[in-house]
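All residue numbers in this chain count up from 1 along the given sequence. All values below were derived from every heavy atom in this structure, side-chain atoms included, with hydrogens, water molecules and symmetry-related copies excluded.
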Amino acid sequence: MGKCADNSKKNLSNVLAGRNLLYFIESIGMSREELAKTFGIEKDAVNKILNGTNAISGPYNDILLNELDCDLNFIYGGVARSDMLINEVKRLESEESKVVLKHSVHHMMGYLLEILKALD
């Protein structure tokens, strides 16, 4: 796991946006490396965005919105976009539903625990 970051010095909005961005890229099957390439930045810079150290700047919002078809309401407000739900349904249809459900619940529990940790 590595050392634990001190979230008390981070802007909680950045932490939440970073966590939501991570969830988004995982939901579309994109790696951190692919996101870095899409943004035109180093992987370390992407990691700083995903862990909430740095904010998502305007040009990256434009890329998310226009190139990755990401609903920025999800990134900044946690509102899921219907396309993300459609992707999950397609995945359920193509894989064994019990395995996918277990993975999805496990993933969401981890995601929610990370948000709770960030709020402490």
(request) Could you please spell out the steps behind the side-chain hydrogen bond (donor to acceptor under 3.5 Å, both in side chains) verdict for Asn61 and Tyr76? (result) CA-CA 11 Å; Asn61 285 317; Tyr76 295 106; 2.6 Å; yes
(message) The test is side-chain contact (heavy atoms from CB on, under 4.5 Å); show your working for Met30 and Leu68 and say whether it passes.
(response) CA-CA 10 Å; Met30 178 180 262; Leu68 298 179; 3.7 Å; yes
(message) A side-chain contact here means heavy atoms from C-beta on lying under 4.5 Å apart; do Ile56 and Leu64 qualify?
(response) yes
(message) Counting C-beta onward and ignoring hydrogens, is there a side-chain heavy-atom pair between Thr53 and Asn14 closer than 4.5 Å?
(response) no
(message) Does any part of the side chain of Leu21, heavy atoms only, come nearer than 4.5 Å to the side chain of Leu35, both counted from C-beta?
(response) yes
(request) Any chance you could measure Ser31, atom OG, to Lys43, atom NZ, to the nearest 0.5 Å? (result) 8.0 Å
(request) Check Ile41, Asn51, Asn54, Ile25 against Val46 for a side-chain contact (heavy atoms from CB on, under 4.5 Å) and give me the one that passes. (result) Ile41
(request) Determine whether Leu50 and Arg19 make a side-chain contact, defined as any pair of heavy atoms from C-beta on separated by less than 4.5 Å. (result) no
(message) If you define the side chain from C-beta out and look only at heavy atoms, does anything of Tyr23 sit under 4.5 Å from His107?
(response) yes
(message) Evaluate Val15 against Glu114 for side-chain contact (heavy atoms from CB on, under 4.5 Å), listing each step before the verdict.
(response) CA-CA 10 Å; Val15 171; Glu114 288 297 319; over 6 Å; no
(request) Mind checking the OH-CD1 spacing from Tyr60 to Ile75? Nearest 0.5 Å is all I need. (result) 15.0 Å
(message) I need the Ile49 CD1 to Asp44 CG distance, nearest 0.5 Å.
(response) 11.5 Å
(message) Within the supplied structure, the quantity of interest is the number of heavy atoms (other residues, nucleotides, ligands) at a distance under 6.0 Å from Glu34 CD; does it exceed 12?
(response) yes
